[in-house]
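Reminder, nothing fancy here: chain letters follow the sequence lines and each chain counts from 1. Since the model is a prediction, treat every value here as computed from it, not as a measurement.
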4 protein chains.
Amino acid sequence: MDATAHVLSTKGFAGTRLTDVAKHAELQAPAIYYYFASREDLIEEAMFRGINDLRDHLQRALDALPTDTTPMDRILTAAEVHLRHGLDLSDYARASIRNSGQIPDRLRARQKKELTAYHRIWQRLIAAAAADGQIRGDLDPKIAQSLILGALNWSAEWWDPRRNSVDTLVTNAQAFIRHSLAPAAKPARRRAKGRAAG
Amino acid sequence: MDATAHVLSTKGFAGTRLTDVAKHAELQAPAIYYYFASREDLIEEAMFRGINDLRDHLQRALDALPTDTTPMDRILTAAEVHLRHGLDLSDYARASIRNSGQIPDRLRARQKKELTAYHRIWQRLIAAAAADGQIRGDLDPKIAQSLILGALNWSAEWWDPRRNSVDTLVTNAQAFIRHSLAPAAKPARRRAKGRAAG
Amino acid sequence: MDATAHVLSTKGFAGTRLTDVAKHAELQAPAIYYYFASREDLIEEAMFRGINDLRDHLQRALDALPTDTTPMDRILTAAEVHLRHGLDLSDYARASIRNSGQIPDRLRARQKKELTAYHRIWQRLIAAAAADGQIRGDLDPKIAQSLILGALNWSAEWWDPRRNSVDTLVTNAQAFIRHSLAPAAKPARRRAKGRAAG
Amino acid sequence: MDATAHVLSTKGFAGTRLTDVAKHAELQAPAIYYYFASREDLIEEAMFRGINDLRDHLQRALDALPTDTTPMDRILTAAEVHLRHGLDLSDYARASIRNSGQIPDRLRARQKKELTAYHRIWQRLIAAAAADGQIRGDLDPKIAQSLILGALNWSAEWWDPRRNSVDTLVTNAQAFIRHSLAPAAKPARRRAKGRAAG
DNA sequence: TATGAATGAGTTTTCATTCAT
DNA sequence: CATGAATGAAAACTCATTCAT
């Protein structure tokens, strides 16, 4: 149910009332029970579909890339897909992403598995880039991945279509990610030896 | 009320029940009404305190830096404060950050103002870095800022203290941010030996 | 809701609990919310209906009188209608009359308007009687009207069907009112040759 | 407690909250328990005092009349006392009178006894007048008494000091009562045989 | 004598859910 | 398939009452 995803992405798990979902679907609340056994089922399904769609979408996009695409370019493609899917297309993705933390574990099983699968795709992309020397050694790949996905996920909270086009956002995000990961430019000599806090 | 922030950061706005808050505070639910006029007042206050504390904390940390700290190092300090405050210290910050999107506007007025003020601090830090040539020209500063804060905010969703220490996370995030922003260290000499806050 | 009027007329505004109303209606309390948005709406409606019905009732009774009915006889008819409606027929009227003073202004707007309209009918009856010389000059018509309505309204507090029939009460009240208003039947000839109602 | 009477006369029995009473008394609610064992005790006492004061007051006023005062004049004096006491002087009287019907029987015992005693005074006044031929034969003395007291009691609901002075009201009420009771003037011939509506 | 703090009982209200139609 | 009507469970909230101070 599209309406579910929409409400879920706006009001959060506990705030998702069947009445609101039904209103969005131009239905009366009891009608939902014709399609779903319970509120929980409905939400569980929407959460699952969110990640599931996103994963399919990403997988297809990656499969469509020329085989000689560099690992970094694959990552940037993934970033674009993730962003566009979450912002343009899909209440489901937003619902799924935003509510991850608020949902009782019981309802998360399927979504969690799907999410792990989605993360695994990213892990492979990053591992490939690392193997190719396209990722700086001072970064833990898992942490870097989480930071990237965080940066992308959060865009749903602040992005305002009246200020920036998605294209602009995508371009910026890609530049941001590329440099955050990449080692110093090619003829590299030395690199900064920063120090960070302790 | 600390308990409110805790529940709020776990269950979300609509999922925050007075009974749970009260249980955390080792009280009966009606006792809350001795201190707050309504559930909404309570939540509003917690959300406000979240950003308010965070801003104070950041401001103090920045004020404590040596005056010759480079703009980039100031940003990295800010990142550290933001991370540590959200992960280590404060249910308030988490509550405030995670629930921003789910709360009725009516309750957000004060928190919004505070958030804007907080963002302004970051804007100034980034503008200073840009003015100093420490930020690549292909990045829109506002977008970059949002991406950074997204990456940091999201850490509350995935960070697992049993896998990584906060220190590790901070170091990685700082490296991540530094390079995501910094121009290629062309014929680089040396770069700052930053120090970030403690 | 008849049940509301009944409880309201017995327990007063603040004492009217939804549970009691529901019990009277052989329902569960939440079912009330299917028909009314809130307790206040429910009460507001019952109070309004009280006066509204009474006014309709009175208006119809007056319209049904022969056109040559004397002004005084019209007044006595109105008294009878008022009494019978409040005692025999209507929890609504009792609810409306008894609780006038206890209800927050916010809920009284509509009822007040209706009440004013009801009073206006009486005013006209009395003015007509006065114009016809059937009311003593030492009485302020407004005050007299209020005293009459008071005498009638209050009967709900003390009238006990096991002691007096409504008919007896009506006859007594009419005699009471007639003489309270009428000028001394100076060189009296004949007056109306009435009959008390059945 | 004066405050109790005041609140009680405004909000009714169920609407009388200890907090409101306390606020009126410029106290905190728990302080009431220093003087009264419970809310019910407090209310019971206020209701009792209402009628008790009124009765004392009336008794003293009657005792002060010259012994040759006519029965009718005694009644009119009683009416004045009743009115003035309820309007000018006493929240207690108003509380007692207005809430008679809403209070659980358990709390009414004492007030009821007192009320009966008060009514007995009136009964005697009216009986005396009747014995003296000053009351028309077509009136049931008990009903007439109730109608009179109703007219007087109700004045608390509508009397507006900005429209009429108490003096005016008293004068009107006395005229109203006198004629409602009195037989047609001396050289009376025939009297009305009223007619009322059907 | 009085109050700040808290609570238990009970009330209004919300909402998922059921069910006859 | 869908809805109007209703309900049980649970939530927010109110308020008399207690108690330590």
### Task
Give the minimum heavy-atom separation between C:Gln102 and D:Lys11, together with the two atoms involved.
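Minimum heavy-atom separation between C:Gln102 and D:Lys11: OE1-O, 3.6 Å.
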
### Task
Enumerate the residue pairs fulfilling ring pair (Phe, Tyr, Trp, His ring centres under 6.0 Å) with a member in residues 30-49 of chain D, sequence neighbours excluded, ordered by first and then second residue.
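As it turns out, there is no ring pair (Phe, Tyr, Trp, His ring centres under 6.0 Å) pair with a partner in residues 30-49 of chain D once direct neighbours are skipped.
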
### Query
Taking the nucleotide of DNA chain F with the closest heavy atom to each, which residue, C:Gln28 or B:Thr19, is nearer the 5' end?
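Its nearest nucleotide lies further toward 5', so the answer is C:Gln28.
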
### Query
Which of residues 8-17 of chain C have a heavy atom under 4.0 Å from DNA chain E?
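Listed by number, they are C:Thr16, C:Arg17.
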
### Task
Tell me which residues in residues 30-41 of chain A put a heavy atom below 4.0 Å from DNA chain E, sorted by number, or none.
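Those residues whose heavy atoms fall under 4.0 Å from DNA chain E, taken from residues 30-41 of chain A in numerical order, are A:Pro30, A:Tyr33, A:Ser38, A:Arg39.
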
### Task
With pairs defined as Watson-Crick or G-U wobble and both distances under 3.5 angstrom, please note down DNA chain E as a dot-bracket string, | for pairing with another strand.
.||||||||||||||||||||

Send over the distance from [X] [atom1] to [N] [atom2], rounded to a whole Å.
X: A:Leu42; N: E:dC15; atom1: CG; atom2: P; value: 16 Å
X: C:Lys23; N: E:dT12; atom1: NZ; atom2: P; value: 12 Å
X: B:Ile43; N: F:dA11; atom1: CD1; atom2: P; value: 14 Å

Partner set under side chain to side chain donor-acceptor pair (under 3.5 Å) for [X], not counting sequence neighbours:
X: A:Asp160; result: A:Arg162
X: A:Glu40; result: A:Arg106
X: A:Asn153; result: A:His82

Could you pull out every donor-acceptor pair under 3.5 Å between side chains of residues 85-98 of chain D and any protein atom, sequence neighbours left out?
residue, atom, partner, partner atom, Å
D:His85, ND1, D:His57, ND1, 2.8
D:Ser90, OG, D:Tyr92, N, 3.0
D:Ser90, OG, D:Ala93, N, 2.8
D:Asp91, OD1, D:Arg94, NH2, 2.6
D:Asp91, OD2, D:His6, ND1, 3.1
D:Tyr92, OH, D:Met1, O, 3.4
D:Tyr92, OH, D:Asp2, N, 3.1
D:Tyr92, OH, D:Asp2, OD1, 2.6
D:Tyr92, OH, D:Arg49, NH2, 3.0
D:Arg94, NH1, D:Gly86, O, 2.3
D:Ser96, OG, D:Met47, O, 2.5
D:Ser96, OG, D:Gln111, NE2, 3.2
D:Arg98, NE, D:Glu157, OE2, 2.8
D:Arg98, NH1, D:Ser9, O, 2.6
D:Arg98, NH2, D:Ala156, O, 3.2

### Task
Any chance you could measure B:Ile43, atom CD1, to B:Leu107, atom CG, to the nearest 0.5 Å?
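Here the interatomic distance stands at 7.0 Å.
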
#### Entry: Residues which pass side chain to side chain contact (heavy atoms under 4.5 Å, CB included) with A:Lys112, listed by chain and number, not counting sequence neighbours
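Testing A:Lys112 for side chain to side chain contact (heavy atoms under 4.5 Å, CB included), a comparison that skips the adjacent residues, returns A:Asp105, A:Arg108.
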
Give every donor-acceptor pair under 3.5 Å between a side-chain atom in residues 12-25 of chain B and any protein atom, sequence neighbours left out.
residue, atom, partner, partner atom, Å
B:Thr16, OG1, B:Gly12, O, 2.7

### Residue list, salt bridge (Lys or Arg N to Asp or Glu O under 4.0 Å) with C:Arg55, at least two apart or on another chain
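For C:Arg55 the salt bridge (Lys or Arg N to Asp or Glu O under 4.0 Å) partners, ignoring immediate neighbours, are C:Glu114.
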
